[in-house]
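Notes to accompany the following structure.
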Amino acid sequence: MNKIDELYHALVESNHTVVLTGAGMSVESGIPDFRSKSGWWKNIDPLTVATVDALEEDYDLFHEFYSTRLQTLGDCRPHDGHRILAKWEQKNLVHEVATQNVDELHMMAGSKQVDQLHGSIRTFRCHQCGSSASFEQFKNKESCSICNGQIRPNVVLFGEMLPEDAWNSALHHIERAELVIVIGTSLQVYPVSQLPQMTQGKTVYINKEVNDHHSFFDLIIEGSAKETLIAVDQLIR
Ligand code: NAD
Ligand code: APR
């Protein structure tokens, strides 16, 4: 049996399937990832832009980085892979998507049970008082209208706690999962990197780059997120 057939059989036989995605899931929608050769962190040290210290001590650099990321998102749309995951949820083949991505492409594609483990770049708040803020306030570098604080996107910065509800929901699904499909993530960032080893179910890794750190997976498919999902979907009536 080839690997696509093996993933198809695991998917249709599983009673509880979790999909864990990272930046590689959005690359085919035109959004760079972080650690492959064309990734964000090839030219920028994340600790200079994606930390609370960076926000508080060099807001202009922080603002420039996240404004650039927002422009890159621009008119990026979900690809067929995102839409297939949403369709599989409707067919009761996928029960949760836990994503490290902040681009909201899974929801835009129609997935309903999505846990955004690293937050969203599309919504904003005051860093000091937590009040909701708008994209316009962030874009115009306005101060918080309540406390005069700094407006930031709702992404998890290095060193910050992950959103508790999202983390607890992902843990709940992972612990019940009979199948965990991990797509487009290097699994280098804690604590999400630990999730695939916290399941009793079958684990599948779909990624462009595979190394020894991934050898614990039951099934490894080295390749494109979109093309792999399309190939499996063609077997589903
Ligand atoms: P780290 O070890 O510094 O931080 C891991 C964070 O996860 C810590 O703040 C820790 O408190 C938290 N954590 C650990 N266990 C947890 C649990 N059970 N529940 C909730 N939170 C828990 O790792 P890091 O590499 O510095 O990254 C920290 C976070 O910032 C990661 O989620 C990373 O992906 C995120 N980040 C986001 C961006 C972005 O642009 N969105 C950029 C860089 C990093
Ligand atoms: N199909 C499959 N895999 C792909 C594709 C693709 N089309 N394009 C890239 N990849 C792979 C890359 O080879 C890489 O191994 O996706 C992986 C993306 O890994 P990272 O760039 O490290 O992104 P991610 O794992 O999501 O990073 C985790 O780190 O900086 C923080 O908060 C940020 O959420 C992010 C976290």
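Atoms within each ligand, like the ligands themselves, are counted from 1 in listed order.
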Within 6.0 angstrom of H9 NE2, more than 12 heavy atoms from elsewhere: yes
Sub-6.0 Å ring centroid separation between W41 and F65: yes
Proximal candidate to atom 3 (N) of ligand 2 [heavy atom criterion; set E209, K208, E222]: K208
Numbered atoms and elements of ligand 2 in range of V27, under 4.0 angstrom, heavy atoms: 8 (N), 9 (C)
Contact with ligand 2 for E28, non-hydrogen, under 4.0 angstrom: yes
Near-ring test H95/H173, centroid separation under 6.0 angstrom: no
Polar atom proximity, G22 to ligand 2 (N or O, under 3.5 Å): no
W41 heavy atom under 4.0 Å from ligand 2: yes
Under 3.5 Å: N/O of F158 near N/O of ligand 2: no
Per atom 31 (C) of ligand 2, closest listed option by heavy atom (K226, Q188, R35, Q100): R35
Min N/O separation H118 to ligand 2 under 3.5 Å: yes
Positive for side chain to side chain contact (heavy atoms under 4.5 Å, CB included) with T17, one of V180, I181, N92: I181
Passing option when Q150 is tested against E142, Q128, H127 for side chain to side chain donor-acceptor pair (under 3.5 Å): Q128
Proximal atoms of ligand 2 relative to S224 (non-hydrogen, under 4.0 Å): 1 (N)
Under 3.5 Å: N/O of I206 near N/O of ligand 2: no
Pair D60 + K141, salt bridge at N-O below 4.0 Å: yes
Which of the ligand 2 atoms, numbered from 1, are nearer than 4.0 Å to a heavy atom of V189: 28 (C), 29 (O), 36 (C)
Pairwise side-chain contact, L70 with F135, heavy-atom cut-off 4.5 Å (strictly under): yes
Heavy-atom nearest option to atom 22 (O) of ligand 2, drawn from S186, G39, P32: S186
Min heavy-atom dist G223 to ligand 2 below 4.0 Å: yes
Heavy-atom gap P46 to ligand 2 smaller than 4.0 Å: no
Residues R152, E160: salt bridge by 4.0 Å N-O rule: yes
Side-chain ion pair, R69 and E64, N-O less than 4.0 Å: no
